[in-house]
Structure formats: C-alpha cells, structure tokens
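Since the structure comes first, as structure tokens, the remarks are kept for the end.
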Amino acid sequence: MPIATIHVLEGRYDERRLGHVSKAVQDALISVLKIPSDDFFQVIHVLPRNRFLHSPSFLGMRYSDDLILLEVAFISGRPKETRLALLKELNAQIVERAGISPDDLVIQLSEAPGENYSLGQGLAQRAFISAGTVGDGDVPITPASVNGEL
C-alpha cells in the first residue's frame with residue numbers, strides 16, 4: 001500500500017502535466033513493486049514559491065523550477081535491489097512523461113512495518129506483511145476477523 005506525496009511549484013504544472021506525473025508514479029509502483037492497479041493513494045501539493053524552498057544545486061545536480069519532491073511510503077520488507085530499481089523507474093517514468101530534467105526529481109522512500117498502516121476502520125489489514133513473507137495462519141485483518149467471524 002504505497003502512499004505517494006508529490007510536491008511541485010505553483011504555476012509549473014497544469015492539470016494535464018500533473019496527471020502525467022501521477023500516472024508515471026503509479027505505473028512505476030505497479031511495474032517494480034508489483035502492486036495491484038487499484039492500490040492507488042496519492043496526495044499532490046502545489047505550493048507557492050515561498051513554501052517550496054530548495055537549493056539551486058546539490059551533489060552535482062542542478063534544480064530548476066520544475067523540481068518535484070516525491071515521497072513514497074510503503075510496507076517494509078522489500079530487498080535493497082527492489083528499492084534501488086524503484087528509484088530508477090520512478091525517475092525514468094516521470095522524466096519522460098513530465099518532460100523534466102533527470103536532476104529535477106528528488107525521491108524519498110520510507111518504509112514501515114505492516115502493522116503501522118490502516119486501510120480503514122482502524123485495522124492493520126497488512127500487519128502480517130513486513131518481513132516479505134506470510135507466516136502460517138497469517139490472514140489479512142478485516143472487520144470480520146476482528147469480530148471472530150472467520
């Protein structure tokens with residue numbers, strides 16, 4: 001259940017361009033993390049210049065007004081190679097579809113155990129997903145299982 005938060009500068013991205021960024025993020029998540037297509041949670045922040053602050057360059061990268069700060073949070077347990085592949089795929093997809101420089105995408109991946117996520121009703125439906133495996137007897141937590149109906 002990745003949650004993507006996309007931050008952009010006001011006036012640089014119209015609805016069409018934001019749509020391209022949103023779709024690129026989702027397609028990369030589906031491609032690399034193998035999430036289902038309906039696992040879609042995104043927040044897009046369009047910020048005024050006085051609320052979107054950054055260096056003009058860092059570590060040899062040069063940032064323009066097209067800079068996108070992308071945060072992706074998901075359940076822990078994926079191998080390092082998968083996370084590195086996700087960084088590359090996100091950059092490739094977004095750069096192509098938004099028409100930005102490869103430098104203009106800063107990505108932060110954050111992981112947390114499945115028990116830290118609720119998909120509604122205050123239940124940790126993915127509590128059994130954290131180490132990348134499902135143990136014997138692990139089932140998704142649902143209102144029915146909480147009420148002893150399974």
Side-chain angles (χ1 to χ4, degrees), residues 1-135 138-142:
M1 186 204 116
I3 301 171
T5 306
I6 302 163
H7 308 273
V8 297
L9 179 62
E10 184 177 60
R12 297 303 297 179
Y13 290 84
D14 60 15
E15 288 301 315
R16 183 184 65 77
R17 199 171 184 208
L18 281 174
H20 290 313
V21 172
S22 172
K23 180 140 178 45
V25 169
Q26 186 66 7
D27 287 350
L29 293 172
I30 290 169
S31 171
V32 176
L33 300 185
K34 309 299 185 209
I35 65 168
S37 60
D38 63 343
D39 187 348
F40 180 74
F41 300 91
Q42 293 183 357
V43 177
I44 299 175
H45 293 146
V46 179
L47 302 163
R49 187 167 301 280
N50 67 340
R51 295 291 184 252
F52 191 71
L53 308 173
H54 61 83
S55 296
S57 62
F58 186 64
L59 296 176
M61 306 299 141
R62 294 199 177 278
Y63 307 123
S64 75
D65 285 346
D66 283 339
L67 180 68
I68 297 171
L69 299 178
L70 173 62
E71 302 170 73
V72 182
F74 50 86
I75 295 171
S76 58
R78 291 178 174 90
K80 176 182 176 180
E81 295 77 21
T82 300
R83 296 188 314 270
L84 293 174
L86 180 59
L87 291 173
K88 286 190 176 292
E89 186 66 16
L90 285 164
N91 193 275
Q93 293 271 353
I94 293 169
V95 163
E96 179 183 335
R97 295 185 195 186
I100 63 173
S101 162
D103 288 3
D104 275 331
L105 180 60
V106 174
I107 306 168
Q108 176 188 341
L109 302 180
S110 301
E111 297 181 291
E115 62 267 16
N116 289 13
Y117 287 86
S118 173
L119 301 173
Q121 300 184 10
L123 302 173
Q125 292 90 346
R126 298 291 189 244
F128 63 93
I129 302 175
S130 286
T133 61
V134 177
D138 283 342
V139 295
I141 298 172
T142 64

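The analysis underlying the following values was restricted to heavy atoms, covering all of them including side chains, and did not include hydrogens, waters or symmetry mates.
- Counting all heavy atoms, side chain and backbone alike, Leu105 lies closest to Leu70 at CD1-CB, 4.1 Å.
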* Candidate pair His7 and Val106, rule side-chain contact (heavy atoms from CB on, under 4.5 Å), full reasoning -> CA-CA 10 Å; His7 308 273; Val106 174; over 6 Å; no
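- In this structure, CD1 on Ile94 lies 6.5 Å from CD1 on Ile6, to the nearest 0.5 angstrom.
- Note: His54 and Tyr63 have perpendicular aromatic rings, judged against thresholds of 30 and 60 degrees for the angle between ring planes.
- Nearest heavy atoms, Asp104 versus Ile100: O-CD1, 3.6 Å.
- Screening Val32, Leu33, Asp27 for a side chain to side chain contact (heavy atoms under 4.5 Å, CB included) involving Leu29 leaves a single residue, Leu33.
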* I would like to know whether Val25 and Gln93 meet side-chain contact (heavy atoms from CB on, under 4.5 Å); could you show each step before the answer? => CA-CA 7 Å; Val25 169; Gln93 293 271 353; over 6 Å; no
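- The shortest non-hydrogen separation linking Ser37 to Gln26 is O-NE2, 3.5 Å.
- The side-chain contact (heavy atoms from CB on, under 4.5 Å) search around Asp39 returns Met1, Pro2, Ile35, Pro36, Phe41, not counting sequence neighbours.
- The main-chain N or O of Asp66 is found under 3.5 Å from a side-chain atom of Tyr13 such that the two form a donor-acceptor pair.
- Smallest separation of non-hydrogen atoms from Arg17 and Asp14: N-OD1, 2.8 Å.
- Under the salt bridge (charged side-chain N to carboxylate O under 4.0 Å, His left out) criterion, Glu111 pairs with Arg83, sequence neighbours left out.
- Of the possible donor and acceptor atoms, one in the side chain of Gln42 sits under 3.5 Å from a partner among the backbone N and O of Ser22.
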* To do: Output, in order, the C-alpha distance, side-chain angles, deciding distance and verdict of side-chain contact (heavy atoms from CB on, under 4.5 Å) for Val21 and Ile44.
  => CA-CA 10 Å; Val21 172; Ile44 299 175; over 6 Å; no
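- In this structure, Asp103 does not pair ionically with Arg62, as no charged nitrogen and carboxylate oxygen lie closer than 4.0 Å.
- For the atom pair CZ (Arg49) and CG (Leu47), the distance works out to 11.5 Å, reported to the nearest 0.5 Å.
- Atoms CZ and CG, from Phe74 and Leu86 in turn, are 6.0 Å apart once rounded to the nearest 0.5 Å.
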* Phe52 vs Val46, side-chain contact (heavy atoms from CB on, under 4.5 Å): CA-CA, chis, key distance, verdict -> CA-CA 9 Å; Phe52 191 71; Val46 179; over 6 Å; no
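- With sequence neighbours excluded, no residue satisfies salt bridge (charged side-chain N to carboxylate O under 4.0 Å, His left out) with Arg16.
- Using modelled atom types and a 3.5 Å distance limit, the side chains of His20 and Glu96 yield no donor-acceptor pair.
- Considering every non-hydrogen atom in both Ala28 and Leu90, the closest pair reads CB-CD2, 3.6 Å.
- The OG atom of Ser64 sits 6.0 Å away from the CZ atom of Arg12 when rounded to the nearest 0.5 Å.
- Between Leu9 atom CG and His45 atom NE2 the span is 14.5 Å, to the nearest 0.5 Å.
- Closest approach of Pro113 and Ile75 over heavy atoms only: C-CG2, 4.3 Å.
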